[in-house]
2 protein chains.
Amino acid sequence: MTMVTVRPYRHALDRLRGAGLRPTRQRLALARLLFDGCDRHISAEQLHSEALTSNIRVSLATVYNTLHQFTDVGLLREIVVDAGRSYFDTNTSDHHHFFFEKSGKLADIPAEMVGLTKIPDAPEGFNISRVEVIVRVNG
Amino acid sequence: MTMVTVRPYRHALDRLRGAGLRPTRQRLALARLLFDGCDRHISAEQLHSEALTSNIRVSLATVYNTLHQFTDVGLLREIVVDAGRSYFDTNTSDHHHFFFEKSGKLADIPAEMVGLTKIPDAPEGFNISRVEVIVRVNG
DNA sequence: GTGTTTGCAAAGTGTTTGCAATTTA
DNA sequence: TAAATTGCAAACACTTTGCAAACAC
């Protein structure tokens, strides 16, 4: 057990354990890339190439599987704004997004920057799972 | 005062002319399918198969081209909520959407049903082009 | 050991493109 | 006739799947 470098590793390990996911080498490495830094909006391809750059041998299929598993257990949130492009958001707390139409990129908007005072009731037999506000910008 | 917004009927030909699009056989036929009824959220595949059912000979590529041209001139609005699936909304006025996570379907929410009192300024050098509120429901 | 996870390559989905033939103005 | 539009099929980007080998516990 090392001293300094072990800390982020254990952080990722705890996340996986807490979520009931086996801490495999690939999942640990991807969790570190995803969570050991600031919040981000990342695509599967991006994460895969980051992994390869960091000398982590992982297949694209596994990256997809892992992102979906992380999403299922609430470690990530999937955001779709553009056809054929999925982003995964490491910030799973209540917030919203700017969507830059030209670049296809996203930026967070803190929840308190949006005043949402009225929301319709969910249709009969349904429950609201989330309210997303997307501010599309161009220019 | 009615709660239902009614779209004034307009001949498909007028719509195309007004938008500066050549009224070709395919565009006219698709415009009739899209606009000669109530508002709808339709995918390219759906529109294509409706066209075939109505004995309108049109290729899927042309359906895609047409949907995008209509969107570019403001006759339609494109909505993306689900990875790899685009919907085109014949209602281009100010309103929001329910997204049914299980079925992948959409339903309109009239603008006045959502109380949106505060929106952040667009980042330096950008302009807000639209604010979308998506109420995701399950169950 | 046993059940889970991974990698690979192949298949799938929805969309776009290149270009010759057709149609519109 | 000239320019715009269409259809086809191939190309595309992104994502999922099937299954044998590798791995975690």
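Numbers restart at 1 for each chain; the letters A, B, ... are given by sequence-line order, proteins then strands. Owing to the predicted nature of the structure, the values given are computational and were not obtained by experimental measurement.
At whole-Å resolution of the value, CG in A:D82 and C1' in C:dT16 are 14 Å apart. Here the C1' atom of nucleotide C:dT13 and the CD atom of B:Q46 are 15 Å apart, to the nearest Å. Atom-to-atom, CD of A:E78 to C1' of D:dT16 comes out at 13 Å; the value is rounded to the nearest Å. For the pair B:I79 CD1 and C:dG14 C1', the interatomic distance rounds to 17 Å; values are reported in whole Å. Between A:H48 atom NE2 and C:dT6 atom P the separation is 13 Å, expressed in whole Å. Regarding A:F70, its CZ atom lies at a distance of 13 Å from the C1' atom of C:dT5, rounded to whole Å.
Atom CZ of B:R130 has more than 12 heavy atoms from other residues, nucleotides or ligands within 6.0 Å.
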ask   = Going through the distances and angles, do A:R77 and A:E132 end up as a salt bridge (Lys or Arg N to Asp or Glu O under 4.0 Å)?
value = CA-CA 12 Å; A:R77 171 170 303 174; A:E132 279 181 354; over 6 Å; no
ask   = Given the rule that a pair is Watson-Crick or G-U wobble with both distances under 3.5 Å, how would you write DNA chain D in dot-bracket, using | for pairs to a different strand?
value = |||||||||||||||||||||||||
request  = Treat primed atoms plus P, OP1 and OP2 as sugar-phosphate and everything else as base, then score nucleotides 3-14 of chain D 5' to 3': B for base contact with protein heavy atoms under 4.0 Å, S for sugar-phosphate contact only, - for none.
outcome  = -SSSBB-----S
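Here the side chains of B:I56 and B:L30 are not in contact, with every heavy-atom distance at 4.5 Å or above.
Just one residue in the list B:I109, B:D94, B:V131, B:V135 forms a side chain to side chain contact (heavy atoms under 4.5 Å, CB included) with B:V114, and that residue is B:I109.
Using cut-offs of 30° and 60° on the angle between ring planes, the pair B:F100 and B:F98 is tilted.
Residue A:F88 is not grouped with residue A:I134 when hydrophobic side chains (ILVMFWY) are merged at heavy-atom distances under 4.5 angstrom, including chains of intermediate members.
OP1 or OP2 of D:dT16 lies within a sub-4.0 Å distance of a side-chain N or O belonging to A:H68.
The closest side-chain donor-acceptor pair between A:Q26 and A:T66, if any, does not fall under 3.5 angstrom.
Looking at residues two or more places apart in sequence or on another chain, you find no ring-ring contact (aromatic ring centres under 6.0 Å, His included) involving B:H96.
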